[in-house]
K.L.:
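Here's a structure for you.
In what follows, every chain begins at residue 1, and chains take the letters A, B, ... in the order their sequences are listed.
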Amino acid sequence: MPELPEVEVVRRGLVDHVAGRVVASAEVLHPRSTRRHSAGPTDFSDRLAGRRLAVPARRGKYLWVPLEDGAEALLVHLGMSGQLLVQPPGAPDEKHLRVRLRFADDGPEVRFVDQRTFGGLALVPTGADGLPEPVAHIARDPLDPAFDELDTVRRLRARRTGLKRALLDQTLVSGIGNIYADEALWRARLHYARPTEKLTRGQALTVLGEARQVMAEALGQGGTSFDALYVNVNGQSGYFDRSLHAYGQAGRPCDRCGTPIRRAAFMNRSSFWCPVCQPAPRRPAA
DNA sequence: CGGAGCTCCTGGGGGC
DNA sequence: TGCCCCCAGGAGCTCC
């Protein structure tokens, strides 16, 4: 599940393979993968052909490649299972290859591979701030130098909902998904259903700081694992697995107190927490 | 309008 | 061995 660290690994890996190159053709093999491109897959391909790409950027889990001429960007969201691969022309098609970009220099292709098709590509206008329009409502992420910690604390405490639900809301703070939410909550010793309006400023600051810290650590480890021709987006396990204290650890002893980690259904997914270190609130929020 | 629930999708894995 | 069902979850959408 690609969250901020995995998307940033992809962005960094992509820089040398896209910046300055001219797209020869964009082949859409599955229409669902361009469903966010409202004018349709043909329009997507037509308008991308011949355009020169610039340096990829990111906010939260959104990644985009600005086009060098005009205020547009190739927007990418990896969803659950999306990958961007750099492959030599002629390499066999991947089973779940959805979009292929060929380049005018006849060099390596960039391929969008996505088993579950929750992710996708679109060619979209960018605003005066350089943000693609569909990203305008996404909050800054904790690794953004301009991330406003105190303002996020204020807005978090103004919510009337459960803490984890708020952490997963990309309009409040972006980049955090199910895995890093559970890890940040474990580190902060806070239960996922803590009502946001009852958090102290210190608790809010702590959980946001832990989210930033755990994602920075994961990024540090992820950055070592891809090679030049393979931009790895295999978010669902891999290198950071060994460092997880809560996510996916149901039944295993808590690394702090030894109490078995518990799992509960939450928001159509799972939450993992230590029932001793992260006691449930008397009045849980949703 | 904020908050909560629904829905899209495919393959791996467990149970029988 | 095969079939059925559950599970993984990001985020736009709809409804209250």
K.L.:
Write down the distance between CD (A/Glu133) and P (C/dG12), rounded to a whole number of angstrom.
P.N.:
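From A/Glu133 CD to C/dG12 P: 14 Å.
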K.L.:
Quick check: does any side chain N or O of A/Asp182 sit under 3.5 Å from a backbone N or O of A/Ala246, one acting as donor and the other as acceptor?
P.N.:
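Here the side-chain-to-backbone pair does not exist.
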K.L.:
Within the structure shown, what part of the strands sits under 4.0 Å from A/His137 by heavy-atom distance: base, sugar-phosphate, or nothing?
P.N.:
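Result for A/His137 = sugar-phosphate.
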K.L.:
Measure from the side-chain N and O atoms of A/Thr259 to the backbone N and O of A/Cys254, and report whether any donor-acceptor pair falls under 3.5 Å.
P.N.:
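No: the side chain of A/Thr259 does not pair with the backbone of A/Cys254.
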K.L.:
Please report the distance, rounded to the nearest Å, between CZ in A/Arg32 and P in B/dT10.
P.N.:
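Rounding to the nearest Å, CZ of A/Arg32 and P of B/dT10 are 8 Å apart.
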K.L.:
Of the candidate nucleotides B/dG11, C/dA8, B/dT10, which contains the atom at the shortest distance from the side chain of A/Lys95?
P.N.:
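Comparing B/dG11, C/dA8, B/dT10 against the side chain of A/Lys95, the answer is B/dG11.
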K.L.:
Side-chain N or O of A/Arg263 less than 4.0 angstrom from OP1 or OP2 on C/dA8?
P.N.:
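Yes, within the criterion.
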K.L.:
Specify the separation, in whole Å, of atom CZ of A/Phe266 and atom P of C/dG10.
P.N.:
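After rounding, the gap between these two atoms is 12 Å.
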K.L.:
Please tell me which of A/Ala158 and A/Arg269 maps to the more 5' nucleotide of DNA chain B, matching each residue to the nucleotide holding its nearest heavy atom.
P.N.:
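Comparing both residues, the 5'-ward one is A/Ala158.
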K.L.:
By the 4.0 Å heavy-atom rule, please label A/Tyr247 as base, sugar-phosphate, or nothing.
P.N.:
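Answer is sugar-phosphate: A/Tyr247 comes under 4.0 Å of backbone atoms only.
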K.L.:
State plainly whether the residues A/Glu197 and A/Arg157 are in salt-bridge range, i.e. N to O under 4.0 Å.
P.N.:
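Salt bridge: no.
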K.L.:
Side-chain N or O of A/Ser81 versus OP1/OP2 of B/dC9: is the shortest distance under 4.0 Å?
P.N.:
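No, because none of the side-chain N or O atoms of A/Ser81 sits under 4.0 Å from OP1 or OP2 of B/dC9.
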K.L.:
Are any of the side-chain nitrogens in A/Arg12 or A/Glu8 under 4.0 Å away from the carboxylate oxygens of its partner?
P.N.:
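Salt bridge between A/Arg12 and A/Glu8, a charged N being under 4.0 Å from a carboxylate O: yes.
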K.L.:
If you compare every side-chain N and O of A/Arg165 against the phosphate oxygens of B/dA4 (OP1, OP2), does one of them come in below 4.0 Å?
P.N.:
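Checking B/dA4 against A/Arg165, a side-chain N or O does come within under 4.0 Å of OP1 or OP2.
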K.L.:
For a quick check, tell me whether the side chain of A/Arg116 and the base of C/dA8 share a donor-acceptor pair closer than 3.5 Å.
P.N.:
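Answer yes: a donor N or O sits under 3.5 Å from an acceptor.
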K.L.:
Does C/dA8 have OP1 or OP2 under 4.0 Å away from a side-chain N or O of A/Ser270?
P.N.:
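The answer is yes; a side-chain N or O of A/Ser270 sits under 4.0 Å from OP1 or OP2.
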K.L.:
Rounding to an integer number of Å, can you tell me how far A/Arg36 CZ sits from C/dG10 P?
P.N.:
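Going from CZ in A/Arg36 over to P in C/dG10 covers 15 Å.
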K.L.:
Expressed in angstrom and rounded to an integer, what is the separation of A/Met267 atom CE from B/dG3 atom C1'?
P.N.:
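So the CE-C1' distance, A/Met267 to B/dG3, works out to 11 Å.
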K.L.:
I need the CZ-P distance between A/Arg35 and C/dG10, as an integer number of Å.
P.N.:
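In whole Å, C/dG10 P and A/Arg35 CZ are 14 Å from each other.
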K.L.:
Taking OP1 and OP2 of B/dC9, is either one under 4.0 Å from a side-chain nitrogen or oxygen of A/His96?
P.N.:
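The answer is no; no side-chain N or O of A/His96 sits under 4.0 Å from OP1 or OP2.
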K.L.:
Got a salt bridge between A/Asp93 and A/Arg100, using NZ or NE/NH1/NH2 to carboxylate O under 4.0 Å?
P.N.:
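Salt bridge flag = yes for A/Arg100 with A/Asp93.
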K.L.:
Does A/Asn268 reach a base, just sugar-phosphate, or nothing at all? Heavy atoms under 4.0 Å.
P.N.:
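The answer is base, as A/Asn268 lies within the cut-off (heavy atoms under 4.0 Å) of a base atom.
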K.L.:
To the nearest Å, how far apart are A/Gln115 CD and B/dC8 C1'?
P.N.:
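In whole Å, B/dC8 C1' and A/Gln115 CD are 14 Å from each other.
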K.L.:
Let me know the distance between CG of A/Asp182 and P of C/dA8, rounded to the nearest Å.
P.N.:
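Taking atom P of C/dA8 as the reference, CG of A/Asp182 is at 11 Å.
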